[in-house]
Amino acid sequence: MTTANTNTNTETATIAVGGKSLQYPIITGSENEKGIDISKLRADTGCVTLDPGYVNTGACTSAVTFIDGDLGILRYRGIPIDQLAEHSTFTEVSYLLIYGKLPTRAQLDDFNYQLCHHSMIHEDMKRFYDGYPSTAHPMGILSAMVCSMSSYYPEALDPSNRTHLNDTIVRLLAKLPTIAALSHKKSRGQPFVYPDNSLSYSANLLQMFFAVPADKYKLDEDVARVLDLLLILHADHEQNCSTSTVRLVGSSQANLFACIAAGICALWGPLHGGANQEVMTMLELINQDGGNVDKYVAMAKDKKSSFRLMGFGHRVYKNFDPRAKIIKKACDTVLNKLGIRDPLLDIAKKLEERALSDSYFVDHKLYPNVDFYSGIIYKAIGIPNNMFTVMFALGRLPGWIAHWKEMTESGAPKIGRPRQIYTGATLQDYVPIANRT
Ligand code: ACO
């Protein structure tokens, strides 16, 4: 294990602006990633950098997760994702991400105990669900409920007070599955099912989603394990859109509940976590259209069409998404185990095969991402389409917390406040309404 050598590099970059030549330090990470530190650029030159979509911008240094998009590498705290997928559990991975190292047996037992014993939500919060129409999207409910949690724990409102931080972390991890399950039950018109402390994190989630008082719920350990696997694979992905949102909101010293609520909203979008729901909608559309995969591959390549292959492409991965490989295998395993023959899986595989042998996708380096096969597993388990992104949020939660914690513990973080290049009207006078044309 190597640690960051960010301050030992003597290399510099030269930037010439307005006849001045300036030297800026090059920061090197522990995996030899390099970034030019331009934090003094505006003071030195009056110029800012312009980088829409932050394609070239590193907003922070971070020790949580490493990705090499060209080699298809993903590691949490240095540990390869495939090793965690094979050997770990979601709660252990959460501990690893948040506290920086794998827990000892005693630490993990204690963490799991705390997660069990904080899983109920305040009874009053149950009434919030009555205010939503049955058609409400569960991501909107999830974000609102998480933000509402701040009203029940006023001691967590000041992020600089670390006395209660571990309680807040545990409450978030413990209660999010309950909140998600209650919203599912509400949409089905079924009675709420309380958490059961005797079950593992993922088994409890399944029970809260699918148990009904009239029937004894038969827990399938293989299904619980695959759900746990999906949560592990989604647990962190460095400075993605929702994590950057959590950091940005947190940089104003907003409380952790508010930051996570904002992250949930960012995740909702179809270009981010919302893609898993969009993938299923797309696969269903192709299925209803007779399974004509070529037609949709052609549409995705057509620049006059706004259609994209959902679940394909990634800002960082330009080779393959290591999570997608693991999920594809798990998808086959779980469907076989449950004896489900889903035509959407056949279409997904055909789509992948066609796209990967098409020069457009090869040249654009577009590969299936984490969302491409996950929806098929969720569907097989019985989770409805509009809950897919909620499942993603449950998985991403420890990553959001880890980044917020890292940022708030790194001295006095600066408020995130990008600049702009103004392109609007130059100075003009106010015109009274009677004189306007
Ligand atoms: N289908 C067809 N063409 C695509 C796709 C796609 N899924 N994704 C990218 N392209 C093309 C673009 O049209 C563009 O082509 P051009 O250079 O010829 O104009 C080129 O590939 C680059 O695409 P950008 O959108 O500029 O790439 P960016 O890095 O900004 O976007 C993103 C990445 C948003 C993931 C994009 O690939 C996409 O929209 N994919 C579908 C949605 C999706 O699956 N999102 C989930 C991502 S994973 C996650 O957030 C959990």
Side-chain angles (χ1 to χ4, degrees), residues 50-58 65 67 69-70 72 74 76 81 139 230-246 263-283 285-286 293-328 347-348 350-378 385 388-400 403:
L50 189 60
D51 185 21
Y54 310 120
V55 179
N56 307 284
T57 298
T65 286
I67 301 176
D70 294 321
L74 168 61
Y76 299 160
I81 191 64
M139 282 297 275
L230 288 174
L231 295 176
I232 292 171
L233 295 176
H234 286 89
D236 192 42
H237 216 231
E238 47 115 311
Q239 311 307 322
N240 57 84
C241 177
S242 55
T243 303
S244 298
T245 301
V246 170
I264 292 167
C265 290
L267 187 74
W268 194 354
L271 295 190
H272 191 14
N276 57 13
Q277 186 178 337
E278 297 295 324
V279 169
M280 291 307 278
T281 309
M282 174 186 77
L283 294 175
L285 177 77
I286 300 174
V293 162
D294 292 333
K295 175 178 160 186
Y296 289 87
V297 168
M299 261 167 69
K301 288 160 45 177
D302 182 358
K303 292 293 171 199
K304 286 189 225 99
S305 159
S306 60
F307 178 81
R308 281 188 167 199
L309 280 194
M310 298 312 286
F312 255 78
H314 198 277
R315 170 64 61 79
V316 181
Y317 293 121
K318 300 299 173 194
N319 183 332
F320 66 93
D321 182 335
R323 303 166 300 174
K325 274 193 169 177
I326 300 170
I327 293 182
K328 184 179 178 185
I347 289 177
K350 221 168 20 153
L351 203 55
E352 179 184 356
E353 195 187 304
R354 289 292 151 79
L356 295 187
S357 58
D358 188 295
S359 60
Y360 173 92
F361 290 89
V362 174
D363 295 347
H364 284 77
K365 301 186 172 174
L366 299 170
Y367 295 86
N369 59 47
V370 68
D371 293 320
F372 194 64
Y373 286 103
S374 60
I376 297 171
I377 301 183
Y378 291 137
N385 274 22
F388 290 179
T389 316
V390 168
M391 304 314 284
F392 192 151
L394 299 187
R396 184 54 51 88
L397 180 61
W400 290 332
H403 283 274

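Just follow the structure's listing: the first ligand is 1, and inside any ligand the first atom is 1. This structure is a prediction, so every number in the text was calculated from the model and none was measured. Positions are given from 1, in the same order as the sequence printed here.
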Q) Looking only at heavy atoms, is any part of Lys303 under 4.0 Å from ligand 1, and if so is it the side chain, the backbone, or both, or is it neither? A) side chain
(Q) Can you confirm whether or not the ring centre of Phe361 sits under 6.0 Å from the ring centre of Phe312? (A) yes
Q: Give the residue and atom name of whichever protein heavy atom lies nearest to atom 33 (C) of ligand 1, and the separation in Å to one decimal.
A: Arg315 N, 3.8 Å
(Q) Distance alone, cut at 3.5 Å: any donor-acceptor contact between the side chains of Glu352 and Tyr373? (A) yes
Q. Nearest protein heavy atom to atom 11 (C) of ligand 1, by residue and atom, and its distance?
A. Tyr360 OH, 3.4 Å
Q) Any sub-3.5 Å donor-acceptor pair from Thr243's side-chain atoms to Gln239's backbone N or O? A) no
Q. Can you find a protein heavy atom under 4.0 Å from atom 31 (O) of ligand 1?
A. no
(Q) Contact between Asn319 and Lys365 at the side-chain level, heavy atoms closer than 4.5 Å - yes or no? (A) no
Q) Which part of Val279 is near ligand 1, with near meaning a heavy atom under 4.0 Å away: side chain, backbone, both or neither? A) neither
Q) Any idea which part of His364 is under 4.0 Å from ligand 1, heavy-atom wise: side chain, backbone, both or neither? A) side chain
Q. What pair of heavy atoms forms the shortest contact from Ile327 to Leu233, and how long is it?
A. CG1-CD1, 3.3 Å
Q: Please name the pair of heavy atoms, one in Tyr367 and one in Lys318, separated by the smallest distance, quoted to 0.1 Å.
A: CE1-O, 3.7 Å
Q. Would you say Phe392 contacts ligand 1, with heavy atoms under 4.0 Å as the rule?
A. yes
**Q.** Residue pair Lys301 / Tyr360: nearest heavy atoms and the distance that separates them
**A.** CG-CG, 3.4 Å
Q.
Would you call the rings of His314 and His237 parallel, tilted or perpendicular, taking 30° and 60° as the class edges?
A. perpendicular
Q: Between Met310, Arg323, His234, His237, flag the one that comes closest to atom 42 (C) of ligand 1 by a heavy atom.
A: Met310
Q: Check Val279 against Asp371 and note the closest heavy-atom contact, atom names and distance.
A: CG2-O, 3.6 Å
Q) Aromatic rings His272 and Phe392: how do their planes relate, parallel, tilted or perpendicular, breaks at 30° and 60°? A) perpendicular
Q: Verify whether one side chain among Asp51 and Thr57 offers a donor that lies under 3.5 Å from an acceptor in the other.
A: yes
Q.
Side chain, backbone, both or neither: which applies to Leu271 and ligand 1 if a contact is any heavy-atom pair less than 4.0 Å apart?
A. both
Q. Does Leu366 approach ligand 1 within less than 4.0 angstrom via side chain, backbone, both or neither, non-hydrogen atoms only?
A. side chain
Q: Distance to 0.1 Å, residue and atom name: give those for the protein heavy atom nearest to atom 48 (S) of ligand 1.
A: His314 CD2, 3.6 Å
**Q.** Under 4.0 Å to a heavy atom of Asp371 - the qualifying atoms of ligand 1, by number
**A.** 46 (C), 48 (S), 49 (C), 51 (C)
Q | Exercise check, heavy-atom protein proximity under 4.0 Å to atom 27 (O) of ligand 1 | A | no
**Q.** For Asp294, all residues meeting salt bridge (Lys or Arg N to Asp or Glu O under 4.0 Å), sequence neighbours excluded
**A.** Arg354
Q.
Would His272 count as a polar contact of ligand 1, with the cut-off being nitrogen or oxygen pairs under 3.5 Å?
A. yes
Q: Please indicate whether Lys325 has more than 12 foreign heavy atoms, meaning atoms of other residues, nucleotides or ligands, lying under 6.0 Å from its NZ.
A: no
Q) Closer than 4.0 angstrom: is that true for some heavy atom of Gly53 and an atom of ligand 1? A) no
Q. Counting only non-hydrogen atoms of the protein, does one fall under 4.0 Å from atom 35 (C) of ligand 1?
A. yes
Q.
For atom 24 (P) of ligand 1, which of the options Lys365, Met299, Arg308 provides the nearest non-hydrogen atom?
A. Arg308
Q. Any non-hydrogen protein atom below 4.0 Å of atom 3 (N) of ligand 1?
A. yes
Q. Hey, does Phe361 come in under 3.5 Å of ligand 1, counting only N/O atoms on both sides?
A. no
Q: Around atom 44 (O) of ligand 1, find the nearest protein heavy atom and jot down its residue, atom name and distance.
A: Gly311 N, 2.8 Å
Q: Identify, for atom 7 (N) of ligand 1, the protein heavy atom at the shortest distance, and state residue, atom and that distance.
A: Leu309 O, 2.7 Å
Q) Do ligand 1 and Phe312 have nitrogen or oxygen atoms that lie under 3.5 Å from each other? A) yes
Q: Return the option from Cys241, Ala324, Ser305, Ala275 holding the heavy atom at the smallest distance from atom 43 (C) of ligand 1.
A: Ala275
**Q.** Proximity to ligand 1 by part of Phe372, non-hydrogen separation under 4.0 Å
**A.** neither
(Q) The criterion is salt bridge (Lys or Arg N to Asp or Glu O under 4.0 Å); which residues satisfy it with Arg323, sequence neighbours excluded? (A) Asp321
